[in-house]
Amino acid sequence: MQRIDVLYFAWVRERIGLPRERVETDAATVAGLVAELAAREERYALAFADLTSLRVALDQELADFGASLEGVREVAFFPPMTGG
Amino acid sequence: MQRIDVLYFAWVRERIGLPRERVETDAATVAGLVAELAAREERYALAFADLTSLRVALDQELADFGASLEGVREVAFFPPMTGG
Amino acid sequence: MRVSVQETAFDAGAEANAFTAGLTGAGAVVTFTGIVRDNGGRLAAMEIEHYPGMTERAIAAMVEEASRRWALADALVIHRHGRLEANAPIMMVATASAHRADAFAAAEFLMDYLKSRAPFWKKEIGADGAAWVAAKDEDEAALRRW
Amino acid sequence: MRVSVQETAFDAGAEANAFTAGLTGAGAVVTFTGIVRDNGGRLAAMEIEHYPGMTERAIAAMVEEASRRWALADALVIHRHGRLEANAPIMMVATASAHRADAFAAAEFLMDYLKSRAPFWKKEIGADGAAWVAAKDEDEAALRRW
């Protein structure tokens with residue numbers, strides 16, 4: 001069991017209905033964590049329905065959905081960025 | 001015979017020792033005018049010694065040394081430009 | 001090098017002048033300023049969400065990368081978040097170098113990365129509701145030239 | 001579109017702000033400012049000679065060409081002549097467009113043409129005398145990309 005802070009931004013935050021939560025997980029990878037979250041409730045399933053429209057950061061660095069969660073304390077999910 | 005205002009800029013002006021003069025010429029082209037001027041005095045010969053280091057404008061438009069002087073009222077000689 | 005992620009408005013001209021005044025020996029200063037477009041009056045405001053902490057880290061890394069690639073005398077990035085009025089400056093980048101090619105290239109590089117790799121999300125608020133701005137394929141494509 | 005060839009100093013930040021304030025619907029503003037480099041204290045001043053009449057015509061033609069090639073909301077060129085002190089702004093270009101790529105390209109195009117096709121000649125005045133600045137091959141080469 002690993003405790004991870006999970007953060008949501010932009011429409012991911014709006015769909016799930018909260019900006020962050022503490023999650024206890026056995027998932028080894030980001031994809032595993034996504035599967036656990038998506039299984040929870042409809043709003044999560046909707047937010048994670050299309051991974052190609054999502055980006056993920058591990059401890060504030062961009063990462064892939066296949067990345068390991070080992071030692072990770074903060075995972076953030078968000079749409080493609082639109083700065084500038 | 002044609003009357004032309006001839007202008008000199010930057011080190012061309014300094015070598016020849018004046019910024020502009022009225023010239024009467026039979027030259028048909030810029031190159032012909034240059035030959036007439038260079039034959040005048042040492043300072044002109046020096047200023048026109050290397051045409052690759054000179055540029056010419058006819059009535060305020062960049063031109064070639066082979067260009068015709070027909071209808072031209074103002075000829076300017078100067079080094080490559082260094083604006084910006 | 002200065003990075004500022006801020007909610008408050010800024011004066012792009014005053015920032016550019018202060019940036020330039022701080023230089024020694026740099027002959028070329030390039031600035032880019034992004035303005036909230038009002039889309040012909042249809043946009044009332046824009047809201048920019050960001051990821052505090054990651055935003056500053058990501059931009060600092062972009063500035064470091066730009067400094068490795070080009071001979072920069074200095075660089076500045078200011079990016080607002082929160083609610084912005086139409087026609088207000090959203091962000092600016094300034095770069096300084098001895099020669100113009102480096103200053104231009106670094107400014108374009110920083111803009112391309114800020115568009116698609118800094119964690120900001122824009123929401124447009126108009127008369128007919130609010131909508132998140134979608135990322136553009138051309139912005140992603142622009143990264144490939146670097 | 002405004003072109004100013006002037007002897008007096010100008011405030012680059014104030015000019016950029018005035019330029020930006022006059023825009024409608026343009027999201028991207030790029031500025032370039034050229035500064036007199038003091039070459040580590042060796043340069044006392046710079047003198048810029050120009051060809052009155054031709055200068056304005058040549059720059060206006062460059063701005064027109066830029067407007068044909070890119071979707072510009074506005075463009076500004078200011079270029080000083082006469083005697084300039086070290087660290088003073090020599091000139092500036094500002095371009096505005098709906099999108100950043102057009103604003104950047106037009107600003108670089110105008111700079112490349114101003115460097116080598118506008119009739120200005122720079123003379124550097126230092127402790128050890130005065131010398132005309134030689135044109136650089138790289139500036140001539142830069143024109144070939146357009």
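Naming: A, B, ... by sequence-line order, numbering from 1 per chain. Only heavy atoms go into these numbers, but all of them, side chains included; no hydrogens, no water, no symmetry mates.
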Query raised in the report: Which answer fits D:A18, side chain, backbone, both or neither, if we ask what part of it has an atom under 4.5 Å from a heavy atom of chain C?
Result: neither
Query - Heavy-atom pair count under 4.5 Å with chain C, highest-scoring of D:A101, D:A86, D:A98, D:G41 - result: D:A98
Query - Under 4.5 Å from any heavy atom of chain C - which part of D:A107 - result: both
Query raised in the report: Relative to the ring of D:F104, is the ring of C:F32 parallel (under 30°), tilted (30 to 60°) or perpendicular (over 60°)?
Result: parallel
Report summary line: Among D:N17, D:L23, D:N87, the residue with the most heavy-atom pairs under 4.5 Å to chain C is D:N17
Query raised in the report: Among D:A14, D:A26, D:G27, which residue forms the greatest number of heavy-atom pairs with chain C at distances under 4.5 Å?
Result: D:G27
Query - Sub-4.5 Å side-chain heavy-atom contact between C:D112 and D:R100 - result: yes
Requested in this report: Tell me, for C:A12 versus chain D, whether the close heavy atoms (under 4.5 Å) come from the side chain, the backbone, both or neither.
Outcome: both
Query raised in the report: Checking heavy atoms, do the side chain of D:T20, its backbone, both or neither come under 4.5 Å from chain C?
Result: side chain
Requested in this report: Please look at D:N39 and chain C and tell me whether the side chain, the backbone, both or neither of the residue comes under 4.5 angstrom of a heavy atom of that chain.
Outcome: neither
Report task. Mind ranking D:I35, D:V30, D:T31 by heavy-atom pairs under 4.5 Å with chain C and telling me who comes out on top? Result -> D:T31
Report summary line: Rounding to 0.5 Å, atoms NE2 (D:H99) and CD (C:E138) come to a distance of 6.5 Å
